[in-house]
Amino acid sequence: MDSFSKFTQNVSTNWSPFAEKVGKSFTQYKQLASEKLTSNAEVTELPTDYVALEQRYEAVRQATLSLVRLTRSYTAPPTNFDVQALQQQFSTLTSKIGGKRDAEAVAAAQKREEESVPNTVQHAIARTSLDVSERVGLEEPLGAALFKFGSIEEKVGNEKIKQDRCIHAKFIEPMTTTLESGVALAQNARKEVASARLTLDAAKTAFKGAKPTHVDAARRDVETAEDHFVTVVEEAMRLMRAIV
């Protein structure tokens with residue numbers, strides 16, 4: 001009997017916060033639906049300072065996301081597909097300039113390249129160029145030109161790696177940290193503001209339609225919702241200012 005009583009007590013303790021959360025969400029959804037379906041619904045306006053700050057913050061957030069995506073794409077190592085496409089184009093070009101022997105040399109170089117993906121596209125071009133130049137022969141004009149071209153591309157690839165590492169260390173990593181910490185907190189705070197606004201307007205609606213016996217309780221709900229709304233707006237503004 002004692003075990004059953006303890007079980008029901010635990011269930012009651014765990015259920016209360018869950019039921020409160022569900023009830024709050026239902027009230028907000030109901031208020032949101034009412035606003036969407038009613039053209040003249042009264043909606044609590046956000047402070048003008050908040051709206052202006054939110055616009056600046058959103059512009060910075062979107063710009064940061066775009067830059068991080070672009071730089072990640074720029075610094076990403078080439079895939080097998082990228083390398084093979086380049087090598088196919090190189091093979092076609094070389095076979096047009098040289099002869100059958102040169103095309104065979106390119107094909108042999110491609111086969112070796114498929115065993116590993118180079119660090120950069122420039123390294124892929126360099127490897128193929130140097131391999132083909134050796135097979136064609138440095139005494140041949142095409143072989144000499146490919147050797148020079150491959151050597152230059154290798155140096156360019158080395159510098160590209162240095163640049164990529166610098167971009168990762170000085171931009172991508174700090175910006176990613178900002179997005180995962182400060183921006184994430186600000187985003188959650190903005191959601192809290194939207195949620196608090198719905199709760200406040202739902203409380204105002206309930207107050208207007210409250211029976212005389214429930215007016216005082218409804219008024220207290222409005223005051224509590226207003227206090228919470230002000231608090232979350234101030235917190236959201238503090239977090240967004242930290243970003244902009």
Side-chain angles (χ1 to χ4, degrees), residues 55-188 190 239-240 242-244:
Q55 291 174 348
R56 296 203 312 274
Y57 159 82
E58 184 61 21
V60 171
R61 187 180 77 89
Q62 291 295 338
T64 303
L65 285 170
S66 297
L67 285 171
V68 169
R69 282 195 294 265
L70 285 171
T71 50
R72 278 180 175 167
S73 176
Y74 176 75
T75 58
T79 63
N80 275 318
F81 177 79
D82 297 329
V83 174
Q84 289 168 6
L86 280 170
Q87 289 171 340
Q88 184 61 43
Q89 294 175 12
F90 193 83
S91 174
T92 302
L93 177 62
T94 306
S95 62
K96 290 180 179 178
I97 297 175
K100 181 179 179 182
R101 183 165 60 92
D102 300 338
E104 291 174 350
V106 173
Q110 287 177 354
K111 187 174 181 180
R112 287 193 299 277
E113 284 293 331
E114 290 175 359
E115 297 176 358
S116 63
V117 179
N119 295 324
T120 67
V121 170
Q122 290 79 11
H123 281 109
I125 296 174
R127 289 183 191 179
T128 303
S129 300
L130 294 173
D131 264 352
V132 175
S133 70
E134 291 179 5
R135 288 178 171 271
V136 171
L138 297 180
E139 69 280 0
E140 297 289 338
L142 178 60
L146 287 174
F147 180 81
K148 185 176 182 180
F149 177 67
S151 299
I152 293 173
E153 282 297 299
E154 188 172 24
K155 292 179 181 178
V156 173
N158 291 338
E159 292 302 315
K160 176 68 164 55
I161 290 176
K162 292 179 182 178
Q163 183 189 56
D164 291 348
R165 289 172 179 169
C166 183
I167 291 173
H168 268 280
K170 295 186 177 181
F171 182 79
I172 294 179
E173 291 178 5
M175 286 298 99
T176 300
T177 299
T178 298
L179 289 171
E180 292 177 350
S181 56
V183 172
L185 290 173
Q187 287 296 96
N188 289 333
R190 291 173 70 188
L239 292 171
M240 287 191 291
I243 302 300
V244 301

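These values consider heavy atoms only, across backbone and side chains, with no hydrogens, waters or symmetry-generated copies.
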Practice problem: Any chance you could lay out the side chain to side chain contact (heavy atoms under 4.5 Å, CB included) test for Lys148 and Ile152, step after step, and finish with the verdict? | Solution: CA-CA 6 Å; Lys148 185 176 182 180; Ile152 293 173; 4.3 Å; yes

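- Smallest separation of non-hydrogen atoms from Met240 and Ala186: CG-CB, 4.2 Å.
- We find the CD1-OG1 distance between Ile125 and Thr120 to be 8.5 Å, quoted to the nearest 0.5 Å.
- Going from atom OG1 of Thr178 over to atom CG of Leu185 covers 11.5 Å, rounded to the nearest 0.5 Å.
- To the nearest 0.5 Å, atom CD of residue Glu153 and atom CZ of residue Arg127 are 13.0 Å apart.
- Nearest heavy-atom pair, Gly150 versus Ala126, reported as atom, atom and distance to 0.1 Å: O-CB, 3.2 Å.
- Taking CD1 of Ile243 as the start and OG of Ser181 as the end, the distance is 7.0 Å to the nearest 0.5 Å.
- Residues in residues 64-77 take part in these side chain to side chain donor-acceptor pair (under 3.5 Å) pairs, two or more places apart or across chains: Arg72-Thr176, Tyr74-Gln163, Thr75-His168.
- Here the closest heavy-atom approach between residue Leu146 and residue Ser133 is recorded as CB-CB, 3.9 Å.
- Rounding to the nearest 0.5 angstrom, the gap separating the CD1 atom in Ile167 from the CG atom in Leu67 is 11.0 Å.
- Taken to the nearest 0.5 Å, the CZ atom of Arg190 stands 4.5 Å off from the CD atom of Glu58.
- Across all their heavy atoms, Glu173 and Ala169 have their closest contact at OE1-CA, 4.0 Å.
- No side-chain heavy atom of Lys160 sits under 4.5 Å from any side-chain heavy atom of His123.
- In this structure the side chain of Leu239 never reaches within 4.5 angstrom of the side chain of Tyr57, judged on heavy atoms.
- With a 4.5 Å cut-off on side-chain heavy atoms, Val60 and Arg56 do not count as touching.
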